[in-house]
Amino acid sequence: MKYIIIGAGPGGYELAAMLSRQSHDVTLVERDRLGGTCLNRGCIPTKVMAHAASLARSAAAASDYGIGLTVTGIDFSALRRRRDVIVDTLRQNVGMLLSGVNVVIGDARFVAPMTVEVNGESMTADRIVIATGSSAASLPVPGASEAVSSDGLLSLEALPDSLAIIGGGVIGLEFASIFSALGSRVTVIEYFKEVLPQFDKDMAKRLRMSMTSAGVTFVTGAEVTAIEHGAVRYRAGTKEGVVEASVTAMAVGRRPNLPGGLEVAGVETDRGAITVDPRTMRTSAPGIYAIGDVNGICMLAHAASAQARIVAGEDVVASVVPSVVFTSPEASMAGMTEQQCKEAGIACRTAKVPFRGNGKAVTIGETDGMVKLIAEAETGNILGCQIVGPHAADLIEEVAVAMANGLTAAALTRTIHPHPTLCEAIQAAAMMLK
Ligand SMILES: Cc1cc2nc3c(=O)[nH]c(=O)nc-3n(C[C@H](O)[C@H](O)[C@H](O)COP(=O)(O)OP(=O)(O)OC[C@H]3O[C@@H](n4cnc5c(N)ncnc54)[C@H](O)[C@@H]3O)c2cc1C
């Protein structure tokens, strides 16, 4: 079968590689660089910087373990070079993955129901998959153009003395944690009363308190009204305030990138995202699919790849999508929060296990945070989990596997967990719920 895929991010390039392995005729159109947001401006460059931040923190803590280190400073240019080398290496890997795919560089737009135009040439296929991703959104406030987006933060030539970040969601907090550890004075300004609205408030507060202890300043419940010459003005209740910083960044969400001509193709949208059947990723137009950020279901790289696998005909449990915040400490979640269970009228039980009682966390000196496990009261089925603490990003997968396979908290306790490890905290939480 002949496929055209628009967009070479983790949705588009993974799908192109899979379909090509299945011997389909695949053309992948990309207007920028292979790898999309994730590889070039998202997951990977930020995680290189998060690793640098973690090294800086470890160096500071080394003397606790009898290791004398002298840190002479942060060479921001060297960090940028390291980041670029890593991104280039991974982009070459993507290129190799696409050896059987016809890659076309250009901007694709629909000119007829199953026809796209790229670089002035028309192309048709049996199936077209839109995987065009998303771009940073901005607040409509006076002076908004003074603020940089996440792309701008990754393009900074030098480490800013001070940084104001508007938005206390995942991307805002990751940058706050990174730049604070590298030496910038960071203030996060958040509209809601608590950061990370997708987490339960107790867990989000836990992370905010840890980051506050590490030096990040938070202004919550604050509506930004204007940005004027480096000063972010906000209103919090009846009070007005201002945060001055050498760089101001906005991290207030992302908007799907819609290719031109969707109306001609008969592809419907809802609130700026392409509407799809979440079981098949089919759009309203026969033969046209949409995967990844552009359909607005879940703006995460592994969600885009999972949706690619669905289009390629693989069996994927798409209902459990773990998500991670690469701060220090890390935070992660899967499934429902306690608040969502309450709102849905589901009777649940929760267990919280702090890392300060976990042998491995104590040995590595990272005891901040806890595991919160949520199970259905009647059946014991695991409904969700949130973790704030060391290696939360890796730990959440155990619970995701359990949830995707309908396991109970009791089933988790029957599996032997190695000692001393951080995952014993998950087992301890499950013990409290069995
Ligand atoms: C700072 C930051 C950090 C992030 N960190 C993480 C993380 O740690 N983990 C995680 O899971 N997610 C993370 N994300 C989110 C992740 O990057 C996205 O969810 C993911 O890239 C979406 O993949 P995609 O394939 O849908 O689209 P994208 O990766 O956005 O790729 C879409 C591609 O389509 C191309 N394109 C768009 N329109 C056209 C057109 N008309 N013609 C041709 N080409 C077109 C674009 O140039 C782009 O290359 C982060 C995002 C940001 C901004």
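Treat the numbers as computed from the prediction; the structure is a model and nothing was measured.
- What you find for Ile387 and Ile426 is that their closest heavy atoms are CD1-CD1, 4.1 Å.
- Although no hydrogens or angles enter the test, the distance criterion places no donor-acceptor pair under 3.5 Å between the side chain of Asp293 and the main chain of Pro256.
- In this structure the side chain of Thr350 reaches within 4.5 angstrom of the side chain of Lys372, judged on heavy atoms.
- Minimum interatomic distance between Ser323 and Leu300 (heavy atoms only, all atoms of both residues): CB-CD1, 3.5 Å.
- Annotation: side chain of Leu154 is in contact with side chain of Phe175 (closest heavy-atom distance under 4.5 Å).
- The environment of CD in Glu121 is sparse: at most 12 heavy-atom neighbours from other residues, nucleotides or ligands sit within 6.0 Å.
- Under the 3.5 Å distance criterion, the side-chain polar atoms of Arg208 are left unmatched by any main-chain donor or acceptor of Met203.
- By the 4.0 Å N-to-carboxylate-O rule, Arg349 lies too far from Glu376 to be salt-bridged with it.
- Using a cut-off of 4.0 Å between Lys/Arg side-chain N and Asp/Glu carboxylate O, Asp161 and Arg185 are scored as not salt-bridged.
- Asn295 places a side-chain N or O within 3.5 Å of a backbone atom of Ile297 that can act as its donor or acceptor partner.
- Heavy-atom neighbours of His51 NE2 from other residues, nucleotides or ligands within 6.0 Å: at or below the threshold of 12.
- Of all heavy-atom pairs spanning Thr115 and Ile128, the tightest one is N-CD1, 4.2 Å.
- Using a 4.0 Å cut-off between charged nitrogen and carboxylate oxygen, Lys352 and Asp202 count as a salt-bridge pair.
- Between the side chains of Ser328 and Arg57, a donor-acceptor pair is found at a separation under 3.5 Å.
- The number of heavy atoms from other shown groups lying within 6.0 Å of CZ (Phe76) is above 12.
- Residues satisfying the salt bridge (charged side-chain N to carboxylate O under 4.0 Å, His left out) criterion with Arg271, sequence neighbours excluded, are absent altogether.
- Going from atom CZ of Phe326 over to atom OG of Ser177 covers 12.0 Å, rounded to the nearest 0.5 Å.
- Taking 4.0 Å as the cut-off between side-chain N and carboxylate O, Glu223 and Arg235 count as a salt-bridged pair.
- No donor-acceptor distance shorter than 3.5 angstrom exists from the side chain of Gln386 to the backbone of Leu373, with no hydrogens or angles considered.
- No more than 12 heavy-atom neighbours from other residues, nucleotides or ligands sit within 6.0 angstrom of NZ on Lys205.
- Annotation for Arg255: atom CZ does not count as buried by contact number, only 12 or fewer foreign heavy atoms lying within 6.0 Å.
- Rounded to the nearest 0.5 Å, atoms CG (Leu34) and CD (Gln92) are 11.0 Å apart.
- The structure places CD of Glu174 at 7.0 Å from OG1 of Thr327, a figure rounded to the nearest 0.5 Å.
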Stepwise side-chain contact (heavy atoms from CB on, under 4.5 Å) check, Val325 with Phe199: CA-CA 11 Å; Val325 195; Phe199 280 66; 4.1 Å; yes

Between Asn381 and Thr408, does a side-chain hydrogen bond (donor to acceptor under 3.5 Å, both in side chains) hold up when you go through it step by step? CA-CA 4 Å; Asn381 281 339; Thr408 60; 5.6 Å; no

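- Checking Ser134 against Asn257 by side-chain atom types alone, no donor-acceptor pair falls below 3.5 Å.
- Using a distance-only test at 3.5 Å, with no hydrogens or angles considered, no donor-acceptor pair links the side chain of Ser99 to the main chain of Gly95.
- Using modelled atom types, one side-chain atom of Ser332 and one backbone atom of Ala392 make a donor-acceptor pair closer than 3.5 Å.
- Within 6.0 Å of CD in Glu378 there are 12 or fewer heavy atoms belonging to other residues, nucleotides or ligands.
- A heavy-atom distance below 4.5 Å is not found between the side chains of Gln340 and Ile346.
- No side-chain heavy atom of Asp32 sits under 4.5 Å from any side-chain heavy atom of Ile105.
- Residue Glu268 qualifies as open at atom CD: its count of foreign heavy atoms under 6.0 Å is 12 or below.
- Using a 4.5 Å heavy-atom threshold, the side chains of Met49 and Phe179 count as touching.
- Relative orientation of the His24 and Tyr3 rings is perpendicular, given thresholds of 30° and 60° on the angle between their planes.
- In this structure, Thr225 contributes its side chain and Arg233 its backbone to a donor-acceptor pair below 3.5 Å.
- At a cut-off of 3.5 Å, with distance as the only test, no side-chain donor of His391 or Glu366 sits close to an acceptor on the other residue.
- Among all heavy-atom pairs drawn from Val111 and Ser122, the shortest one is CG2-OG, 4.4 Å.
- For the residue pair Ser162 / Ser246, a side-chain donor-acceptor distance below 3.5 Å is found, with atom types taken as modelled.
- Side-chain atoms of Val276 and Tyr289, non-hydrogen and from C-beta on, never get closer than 4.5 Å to each other.
- The main-chain N or O of Ala301 is found under 3.5 Å from a side-chain atom of Ser305 such that the two form a donor-acceptor pair.
- Electrostatic pairing of Arg81 and Asp84 does not count as a salt bridge here, judged by no charged N lying under 4.0 Å from a carboxylate O.
- In this structure, CG in Leu39 is found 10.0 Å from OG1 in Thr37, a value given to the nearest 0.5 Å.
- We find the CG-CG distance between Leu182 and Leu79 to be 6.5 Å, quoted to the nearest 0.5 Å.
- Looking only at side-chain heavy atoms (C-beta outward), Phe355 and Val371 come within less than 4.5 Å of each other.
- Distance CG/Leu153 to OG1/Thr46: 11.0 Å, rounded to 0.5 Å.
- Across all their heavy atoms, Glu30 and Ala8 have their closest contact at OE1-N, 2.8 Å.
- Under the 4.0 Å criterion applied to side-chain N and carboxylate O atoms, Asp88 and Arg83 are not assigned as salt-bridge partners.
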Thr27 vs Val104, test: side-chain contact (heavy atoms from CB on, under 4.5 Å). Steps then yes/no. CA-CA 7 Å; Thr27 295; Val104 177; 3.8 Å; yes

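- Put simply, the side chain of Val311 does not reach to within 4.5 Å of the side chain of Thr280, judged on heavy atoms.
- At least one donor-acceptor pair closer than 3.5 Å links the side chain of His302 to the backbone N or O of Pro322.
- The backbone N or O of Gly272 lies less than 3.5 Å from no partner atom in the side chain of Thr269, so there is not a single donor-acceptor pair.
- Between Cys38 and Pro45, the shortest heavy-atom contact is O-CD, 3.7 Å.
- In the displayed structure, Arg82 atom CZ is contacted under 6.0 Å by at most 12 heavy atoms of other residues, nucleotides or ligands.
- When the options Ile374, Leu412, Leu433 are evaluated for a side chain to side chain contact (heavy atoms under 4.5 Å, CB included) with Ile382, the one that passes is Leu412.
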